[in-house]
Amino acid sequence: MNETPAYHPAEIEAKWQAKWDADGLYHSDIDPNKPKYYALTMLPYPSGDLHIGHWYAMTPSDARARYLRMKGYNVLFPIGFDSFGLPAENAAIKRSIHPKEWTFKNIENMRKQLRSMGAMFDWRREAVSADPIYYKWTEWFFIQLFKHGLAYRKMSPVDWCPTCNTTLAREQVWGDDRHCERCETPVIKKDLDQWFFKTTQYADELLNFETIDWPERVRVLQTNWIGRSEGASVIFKTEQGDPLEVFTTRPDTLWGATFMVLSPEHPLVERIATPECKAAVIEYQAQAARQSDIDREAADKEKTGVFTGGFAINPVNGARIPIWIADYVLMTYGTGAIMAVPAHDERDFAFAIKYGLPIIPVIDRPDGMNKSLVFPGSTREGFAAALQAAGLAFTAQPVGDLGEGLFVTLRREQVDEYVALLRSYLKPGNWNEIVGSRWLFIFEDQVMSLSSVETDQAILARCKAIDPAVSANRTTMEMIQHLPFYQDVLFHAEYGTMNNSAEMSGTPGETAKKQVIARLEAQGIGKGAVNYKLRDWLISRQRYWGAPIPMIYCAQCGWQPVPEDQLPVLLPDDVEWKPTGESPLKLHPTWKDAACPCCGGPAQRETDTMDTFMCSSWYHLRYLSPLYDQGPFDPAEYDYWMPVDTYTGGIEHATMHLIYTRFFHKALRDMGVTEGHEPMLQLRNQGMVLGEDHEKMSKSRGNVVAPDALVEKYGADTVRAYLMFFARWDMGAPWSYSGIEGTVRWLRRLWALSADQQPRQSTAGVETLKTLRRKVHQTLGSVTRDFDNFEFNTIVSSLMELLNEMYKAREAGAAGSAEWAEAWDIYLRMVAPVCPHVAEELWAMAGKPYSIHVQPWPQVDQAAAAEESITLVLQVNGKVRDRLVVPVNISDDEARAAALANETVQKFLAGRDPKKVVVVPGKLVNIVG
RNA sequence: GCCGAAGUGGCGGAAUUGGCAGACGCGCACGACUCAAAAUCGUGUACCCGGAAGGGUAUGAGGGUUCGAUUCCCUCCUUCGGCACCA
């Protein structure tokens with residue numbers, strides 16, 4: 001028996017990588033004669049080791065880039081390093097190695113690892129964000145944003161990580177306990193003077209995804225993150241005469257505002273608080289300030305607050321309403337003050353019940369439901385029978401140990417009839433109430449409606465007079481909310497017809513909001529307004545290893561940008577990076593000293609550095625011309641390559657990098673630096689590779705898969721193919737060491753077939769060759785489609801299937817034929833994007849011209865791919881009973897006849913006449929009988 | 001709580017438009033080769049009943065639409081991700 005020639009990936013991979021490199025095979029240069037394609041994969045952070053996740057993100061992206069190149073595109077697929085950031089500094093502190101040295105050593109190592117992928121990276125375009133030739137332009141961008149009013153400095157409470165000793169952006173604070181994204185330490189609040197970018201100015205535009213093909217998931221995440229709400233801003237007045245502006249999404253509930261709540265930090269609190277209340281207010285403010293966000297924002301926490309002693313005037317009805325402070329109102333959203341409408345807001349309801357504040361319903365229930373509980377003994381004999389006779393729904397159940405009560409449920413239009421009936425049966429010294437859609441309290445002599453603060457108290461007073469047991473209640477709502485039967489009708493937050501709202505009563509829910517806003521605007525007491533959860537981007541970091549913020553502070557001239565001809569502001573190498581909570585640059589003896597660019601007098605540099613998301617917001621532009629020194633990028637390169645056609649990477653950046661980079665592009669567009677509205681037209685996210693134990697990979701779990709070791713054992717081609725094969729790319733899956741064996745077997749079988757293409761029989765039958773060709777072109781069709789759709793797993797599986805077919809064809813004598821030669825040629829071209837080294841080697845062994853990677857993608861021969869016969873499925877009552885092989889062009893009538901004549905079909909029909917015969921051309925016949 | 005995604009054999013997964021469920025691979029079983037093992041090759045492999053022929057049941061659960069549902073609709077369960085007092 002012949003020795004099977006061995007497949008030695010290590011040899012061929014090193015060989016071809018060296019040759020491709022020497023030949024500049026993957027250089028991407030402007031070529032006006034070809035359509036361009038900018039394929040971008042998220043740039044890695046140089047942590048020191050390439051993770052299997054990097055391979056999972058990058059190698060399918062590379063395969064697709066290669067495919068597009070074979071399709072005739074001029075493809076740019078660059079790589080670089082996001083090389084500023086905290087880990088370098090943390091490593092520096094831990095191991096006493098300079099962050100710069102640590103970073104650039106890691107980059108050196110990772111370059112080697114990246115090269116082992118055999119990806120088509122054009123290394124001439126590599127960009128390293130920690131390199132001064134890069135961050136010079138990061139600084140330049142800061143200055144442009146400053147000059148265009150998009151960067152500003154503000155003292156504000158910010159999230160501070162006590163371990164990393166720096167501020168964090170909102171996006172970098174994670175989880176219920178609000179911990180630091182990097183080190184998991186819970187963050188604290190700190191008041192600091194910080195630089196911000198005005199991302200909020202672009203909030204509305206960022207919500208528009210019309211021109212980009214991004215996953216629904218990311219669009220939803222960004223939309224929620226931006227958190228747009230439409231409503232109105234309304235100006236109340238304090239009794240002292242200060243305007244007190246609130247934002248509300250429900251201006252239609254304005255008449256139900258029975259109190260106001262300010263954030264404890266609200267600037268007006270001091271003026272509003274009366275002398276009697278001041279002590280309590282100050283105490284509450286101090287407590288709120290002491291509390292971390294963790295306590296303050298705990299979801300299930302009971303609401304707390306204190307009365308300021310002050311009152312405001314509701315501008316729509318002149319009502320005098322108390323002003324409270326409570327920490328459930330956040331200073332950072334809206335105006336830091338709310339009008340509280342307890343009847344239609346869950347939080348306000350809970351607060352009002354707790355503190356005995358009035359609750360007045362002003363929006364009808366859309367379902368019109370009402371409830372009434374008739375206490376035992378409160379009505380004369382025969383009331384239940386009368387209800388029954390009137391067709392009003394109720395159940396009779398015991399009320400505590402008082403005896404049997406009637407639990408009545410009424411539709412809106414039944415209320416009047418019920419009231420009349422009840423009044424005729426109500427015993428003296430009792431009352432009854434109807435709650436839900438309408439709020440009526442029935443006494444022997446009158447019916448009172450809960451429609452205002454005054455009626456609230458009047459009703460309560462009468463009830464207390466009748467029943468001393470309710471005397472402890474402060475409001476009518478507090479009194480009745482003790483009855484469980486009423487729980488579900490006391491409060492609702494839906495839109496509905498306005499009531500108890502003076503002349504606006506009766507306005508239907510669909511138009512209420514609009515009409516109230518119009519009224520507010522006409523009266524000059526408010527206007528339509530939009531609010532966002534999105535905040536401005538906090539970019540100051542009190543750390544060393546980042547791009548310096550190129551600003552100088554002069555006591556005379558204020559903040560001045562460093563003149564552009566003095567860029568870059570270089571990071572000094574001789575710093576002490578021990579963590580102190582101050583920027584290390586501040587502790588440098590001379591670095592911060594500068595001359596004011598304006599007056600030339602002594603001034604000081606900004607010692608904070610920039611958030612690294614600033615660096616990664618524009619790296620796709622630096623790739624275009626990483627050595628260019630006339631600007632951040634060469635306009636000629638920009639004009640040819642931009643925008644990015646496909647961007648691939650992890651979903652974890654949905655609300656950080658991917659919002660920042662869009663903001664950045666739009667801001668630059670408005671400055672005339674970039675063109676178009678979006679930087680990346682198409683986005684696709686890969687899933688995550690889990691450990692074999694189905695858990696997230698981590699060193700502590702010991703389930704980390706090391707790509708270097710895999711490459712050494714199996715070769716890069718196998719690792720690439722397996723990563724494409726083992727899961728849906730967008731889903732990810734647990735790693736499997738035994739699974740990868742299947743992929744290496746496939747490549748060995750491919751190798752073996754290449755080495756032994758001797759005909760097994762003298763001639764192959766016509767059918768054999770036809771079948772081979774059909775399968776080849778069908779596979780080509782599906783592989784092509786799958787590349788277009790990012791369905792990498794089925795690319796590899798259909799290649800495996802075709803190889804199995806080719807083995808069969810060889811046994812059947814196909815080897816040596818023209819069909820076989822074509823099959824082999826197409827097969828290698830299809831393998832090329834997935835396993836570039838094996839494909840190149842076998843291509844060369846087949847005596848074909850170097851390089852397979854510059855060959856065109858083959859064309860599907862539709863005629864060859866077409867089936868000649870089909871398997872016609874025969875169903876009886878929807879169940880498969882038999883199958884017939886028939887010509888593909890069989891007519892419906894012929895199919896029907898063949899089905900009806902079929903023995904098995906007859907058997908299952910059991911003599912019944914077919915009621916209906918469904919013929920699906922080319923697929924099946926279903927006989928209903 | 002709100003928003004989103006996903007539930008298919010022992011495992012990863014496949015199934016253009018509503019039309020043969022389980023492609024491909026792993027694993028497993030048996031066989032060939034071998035003194036033996038590995039590698040390789042071949043055959044089989046959803047579950048249940050049955051010796052077989054054959055039949056029945058199956059795509060998280062329950063309903064619905066349809067001649068026909070993994071696919072469309074409704075309710076629910078589980079897992080994962082995001083947001084979370086946002087007025």
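The model shown is predicted, which means the values in this text are computed figures rather than measured ones. Side-chain atoms are counted along with the backbone in the values below, which use heavy atoms only and exclude waters and symmetry mates. So that the names make sense, note that chain A is the first sequence line, chain B the second, and so on, each numbered from 1.
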Among [options], which is the nearest nucleotide to the side chain of [X]?
X: A/Phe725; options: B/rU16, B/rG25, B/rG13; value: B/rG25
X: A/Arg785; options: B/rU16, B/rC85, B/rA39; value: B/rU16
X: A/Arg745; options: B/rG27, B/rC24, B/rA21; value: B/rG27
X: A/Arg748; options: B/rA39, B/rC67, B/rC83; value: B/rA39
X: A/Met731; options: B/rA6, B/rA14, B/rC85; value: B/rA6
X: A/Glu801; options: B/rG13, B/rA23, B/rG4; value: B/rA23
X: A/His694; options: B/rG13, B/rG12, B/rG56; value: B/rG12
X: A/Thr794; options: B/rC67, B/rA87, B/rA14; value: B/rA14
X: A/Lys907; options: B/rG55, B/rC20, B/rG13; value: B/rG55
X: A/Asn804; options: B/rA87, B/rG25, B/rC3; value: B/rG25

Just say parallel, tilted or perpendicular for the rings of [X] and [Y], cut-offs at 30° and 60°.
X: A/Trp729; Y: A/Tyr56; value: tilted
X: A/Phe491; Y: A/Phe349; value: tilted
X: A/Tyr7; Y: A/Trp751; value: tilted
X: A/Tyr722; Y: A/Trp735; value: perpendicular

Can you tell me if [X] and [Y] form a side-chain donor-acceptor pair at under 3.5 Å?
X: A/Thr304; Y: A/Tyr355; answer: no
X: A/Lys513; Y: A/Tyr495; answer: yes
X: A/Arg749; Y: A/Asn804; answer: yes

[N] versus [M] - spacing of their [atom1] atoms, nearest Å:
N: B/rG22; M: B/rG44; atom1: C1'; value: 16 Å
N: B/rU59; M: B/rA15; atom1: C1'; value: 11 Å
N: B/rA21; M: B/rG68; atom1: C1'; value: 14 Å
N: B/rC2; M: B/rG12; atom1: P; value: 30 Å
N: B/rA61; M: B/rU71; atom1: P; value: 11 Å
N: B/rA5; M: B/rC30; atom1: C1'; value: 42 Å
N: B/rU40; M: B/rG55; atom1: C1'; value: 40 Å
N: B/rG60; M: B/rU70; atom1: C1'; value: 12 Å

Mate of [N] where both pairing distances stay under 3.5 Å, Watson-Crick or G-U:
N: B/rA39; value: none
N: B/rC28; value: B/rG44
N: B/rA23; value: none

For the pair made of [atom1] in [X] and [atom2] in [N], what is the distance, rounded to whole Å?
X: A/Lys923; N: B/rG19; atom1: NZ; atom2: C1'; answer: 6 Å
X: A/Tyr807; N: B/rC41; atom1: OH; atom2: C1'; answer: 10 Å
X: A/Ile325; N: B/rA87; atom1: CD1; atom2: P; answer: 22 Å
X: A/Arg883; N: B/rG19; atom1: CZ; atom2: P; answer: 16 Å
X: A/Glu216; N: B/rA6; atom1: CD; atom2: C1'; answer: 15 Å
X: A/Trp746; N: B/rC41; atom1: CH2; atom2: C1'; answer: 20 Å
X: A/Tyr714; N: B/rG25; atom1: OH; atom2: P; answer: 17 Å
X: A/Leu330; N: B/rC85; atom1: CG; atom2: P; answer: 7 Å

Can you tell me if [X] touches the phosphate of [N], counting only side-chain N or O atoms and a distance under 4.0 Å to OP1 or OP2?
X: A/Lys879; N: B/rU57; result: yes
X: A/Asn793; N: B/rA14; result: yes
X: A/Ser229; N: B/rA87; result: yes
X: A/Arg749; N: B/rC41; result: yes

Over all strands shown, is [X] touching base, sugar-phosphate only, or nothing at heavy-atom distances under 4.0 angstrom?
X: A/Val880; result: sugar-phosphate
X: A/Tyr722; result: nothing
X: A/Val873; result: base
X: A/Ser738; result: sugar-phosphate
X: A/Leu221; result: sugar-phosphate
X: A/Val918; result: base
X: A/Gly650; result: nothing
X: A/Arg219; result: nothing

- Message: Here's a test of your reading of the structure: between A/Ser797 and A/Gly334, which maps to the more 5' nucleotide of RNA chain B?
- Response: A/Ser797

- Note on the structure: When A/Thr249 and A/Lys916 are each assigned the nearest nucleotide of RNA chain B, the 5'-most assignment goes to A/Lys916

- Query: Ring centroid separation for A/Phe725 and A/Phe792, is it under 6.0 angstrom?
  - Reply: no

- Is the A/Phe613-A/Trp537 ring centre distance short of 6.0 angstrom? no

- Query: Under a 90° cut-off about 0 for the syn range, is B/rG4 syn or anti?
  - Reply: anti

